[in-house]
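Dumping the structure here so I can ask a few things about it.
The basis for the numbers below is simple: all heavy atoms, side chains too, and nothing from hydrogens, waters or symmetry mates. To find a chain, count down the sequence lines: A is the first, B the second, and so on, and within it residues start at 1.
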Protein chains: 2
Amino acid sequence: MITKINVYFCRVNSLAEENYLKAMFSLSNDKGEVNVNDLSKRLEIKMPTVTSMMKRLATKKLVHYESYKPLKLTDKGKKEAALIIRKHRLTEMFLVEKMGFGWEQVHEIAEQIEHIQSPELFAKMDELLGFPKLDPHGSPIPDKNGTMVWVAYNKLSECKAGDTVKLSAVINTSAEFLKFLNSRELSLGLKVKIKSVEPFDNTMVVSYGKRLSETLSHTVCERLLVEKV
Amino acid sequence: MITKINVYFCRVNSLAEENYLKAMFSLSNDKGEVNVNDLSKRLEIKMPTVTSMMKRLATKKLVHYESYKPLKLTDKGKKEAALIIRKHRLTEMFLVEKMGFGWEQVHEIAEQIEHIQSPELFAKMDELLGFPKLDPHGSPIPDKNGTMVWVAYNKLSECKAGDTVKLSAVINTSAEFLKFLNSRELSLGLKVKIKSVEPFDNTMVVSYGKRLSETLSHTVCERLLVEKV
DNA sequence: TATTTTTGTTAGTCTAATCTAACTTAATAT
DNA sequence: ATATTAAGTTAGATTAGACTAACAAAAATA
């Protein structure tokens, strides 16, 4: 006799749990610590609720919890969080690059789709996007194992005349800023040569692609992250 | 003073409620009636739970509920259900046609994505798919208002020699059957002419596209729905 | 028609996830 | 150093959504 075992939908962590993990991940300071209060504010959930959830996540070995001490994700917790962020960022990229959404439209949708349980779906997005390492904000996309590769970027504004750099990421993306980048044909991966820096206002004159002399304001250069080449 | 009103996420019906509505819709008989028992079995949820949910859906005017009488969706309930089915079918089609999934892989994923709250996402899928009226099973896709257009189909097996018909839908799709159709270049929308019907076993000889003489078994003809042209 | 079976309901329990009120510990400021 | 404020916890209530056990109504059958 065969016993039927239903494994339709094996959700390891609930939707609520996933949201706590993700928020903790993004709020962690350099020591990996988070305050109950900050978490409470971020999630718009009252502190006692947060405390009780932390106790639960601790029994699941996702969080180190000790009364009155700062919260910390365990390695397991970090990995789970990174995998959710992976799904979020892949979704955002997919919506923008493959479905024609505007960048400002996709966050809300990705907030929901990041909870979908289907490794195949996200593997397919990854494939169709060409296995990107960074999303259009320049934030790293964790890999299938939840590993996030952080590259040490420099701001373009910190480079000096004569440097040749690769455009790798963008800080504090706004729809307007992305439109500006588009209008100047500035895209991630682009090689840019710094021709001169105006000492008065830190404006840079750069060349790239077919554009041999473009001027970028300091405000713009502060928001562009580059790798030296 | 401005009062902040958060309307981040206005989920009208919970995930559980949506699943009840969808199940009721698909179990409804010609009178639009469903039994508590059948619903309970379909959802794998015990009858008392179903009863109590029905009372809740009744207060939300989604279900007509009277003790010991068959359940019925209200018009409002039917509409909500149809909209979920719309999302499910658009998702399945999108996964197959735009992302390269196999038909057998997409149901599970669509079961989750159908609950995503984002009219924009599904409008975009609809657009990218060219506003399809039928999914690859030949099931109708409800429109944005939850209206489902049912076309009166005939089985191919019920047609006679000399008829020319348009292939419009498929009954009881299995991965194997769809593979078979692919291998013979039989696709929805295709015009097929019936050359002869073998009276012994009801096998049909048909021509279509570049194939001037293909033989289709009765089993296959029983599963192909057509419109006369 | 009377009995049995199936279907549906009621009552009460449980867990997840939220809340408020009251209390405790830690941090800040006088 | 003490008083005040901020941060964190405990206790207890609430709602959604599930369950089991027991009962009631309707349908099927003898």
Side-chain angles (χ1 to χ4, degrees), chain A residues 6 8-24 27-29 31 33-73 77 80 84 111-112 115 117, chain B residues 6 8-24 27-29 31 33-73 77 80 84 111-112 115 117:
Chain A
N6 284 314
Y8 282 116
F9 197 77
C10 172
R11 183 177 276 284
V12 178
N13 303 304
S14 72
L15 216 135
E17 286 167 344
E18 291 196 350
N19 284 330
Y20 281 90
L21 292 174
K22 195 171 61 120
M24 288 182 74
L27 288 173
S28 296
N29 63 16
K31 285 183 218 150
E33 295 176 345
V34 196
N35 303 131
V36 175
N37 197 245
D38 294 342
L39 198 47
S40 164
K41 279 172 188 151
R42 166 67 65 93
L43 293 168
E44 298 185 56
I45 282 173
K46 295 291 182 287
M47 294 212 326
T49 311
V50 173
T51 299
S52 73
M53 178 59 94
M54 288 305 114
K55 289 177 174 174
R56 225 178 58 233
L57 293 178
T59 69
K60 296 178 87 171
K61 305 283 181 206
L62 293 164
V63 165
H64 293 296
Y65 177 78
E66 280 180 277
S67 276
Y68 296 105
K69 297 223 174 125
L71 307 166
K72 248 186 122 174
L73 285 171
E80 308 259 317
I84 299 162
E111 284 285 305
Q112 297 178 62
H115 301 290
Q117 306 286 306
Chain B
N6 283 315
Y8 282 117
F9 196 77
C10 170
R11 182 177 276 284
V12 179
N13 302 305
S14 72
L15 215 135
E17 285 167 344
E18 291 196 349
N19 284 329
Y20 281 90
L21 292 174
K22 193 170 60 120
M24 287 182 74
L27 288 174
S28 296
N29 64 18
K31 285 183 222 152
E33 296 177 344
V34 196
N35 303 132
V36 175
N37 198 246
D38 294 341
L39 198 47
S40 163
K41 278 171 187 152
R42 165 67 65 94
L43 293 168
E44 298 184 57
I45 283 173
K46 296 289 181 287
M47 294 209 330
T49 311
V50 173
T51 298
S52 73
M53 178 59 93
M54 288 306 113
K55 289 178 174 172
R56 194 129 67 67
L57 293 179
T59 70
K60 295 178 88 170
K61 304 284 182 206
L62 294 164
V63 164
H64 293 294
Y65 177 77
E66 281 181 275
S67 277
Y68 296 105
K69 296 222 175 126
L71 308 165
K72 249 186 121 171
L73 285 171
E80 307 260 317
I84 299 160
E111 285 284 305
Q112 297 179 64
H115 301 291
Q117 307 287 308

Return the value, rounded to whole Å, for the distance between atom CD of A/E44 and atom P of C/dC19. 10 Å
At under 4.0 Å, does any side-chain N or O of A/Y20 touch on OP1 or OP2 of C/dT18? yes
Atom pair distance, as rounded to whole Å: CG in B/N35 and C1' in C/dT6: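 Distance check: B/N35 CG to C/dT6 C1' gives 11 Å.
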Report the distance from atom CD of B/E66 to atom C1' of C/dT9, rounded to the nearest whole Å.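 Rounded to the whole Å, the gap is 15 Å.
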Roughly, in whole Å, what's the span from CG in B/L43 to P in D/dA16? 19 Å
Rounded distance [0.5 Å steps], CG in A/N13 versus CG in A/L62: 5.5 Å
Taking atom P of C/dA16 as reference, at what distance in whole Å does atom CD of A/E18 sit?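 Taking CD of A/E18 and P of C/dA16, I get 16 Å after rounding.
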May I have the distance from B/L39 (atom CG) to C/dT6 (atom P), rounded to whole angstrom? 20 Å
Please report the interatomic distance CD(B/E33) to CG(B/D38), rounded to the nearest 0.5 Å.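 Interatomic distance, B/E33 CD to B/D38 CG, rounded to 0.5 Å: 11.5 Å.
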Please tabulate, for the side chains in residues 65-72 of chain B, all donor-acceptor contacts under 3.5 angstrom to protein atoms that are two or more places apart in sequence or on a different chain.
{"unit_1": "B/E66", "atom_1": "OE2", "unit_2": "B/K69", "atom_2": "NZ", "d": "3.4"}

List in numerical order all residues of residues 45-55 of chain B for which some heavy atom is under 4.0 Å away from an atom belonging to DNA chain D.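 Contacting residues: B/I45, B/K46, B/P48, B/T49, B/M53.
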Are B/Y68 and D/dC23 close enough that a side-chain N or O sits under 4.0 Å from OP1 or OP2?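 Looking at the OP1 and OP2 atoms of D/dC23, neither is under 4.0 Å from any side-chain N or O of B/Y68.
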Spell out, as yes or no, whether a donor-acceptor pair under 3.5 Å connects the side chain of B/S28 to the backbone of B/M24. yes
Taken to the nearest whole Å, CG/A/L57 to C1'/C/dA16 is 12 Å
Is there a donor-acceptor contact under 3.5 Å from the side chain of A/T51 to the main chain of A/M47? yes
Say whether, by atom type as modelled, one donor and one acceptor occur between the side chain of B/N35 and the main chain of B/N37 under 3.5 angstrom. no
Roughly how many Å is it from CG in A/L15 to C1' in C/dT15, rounded to a whole number? 17 Å
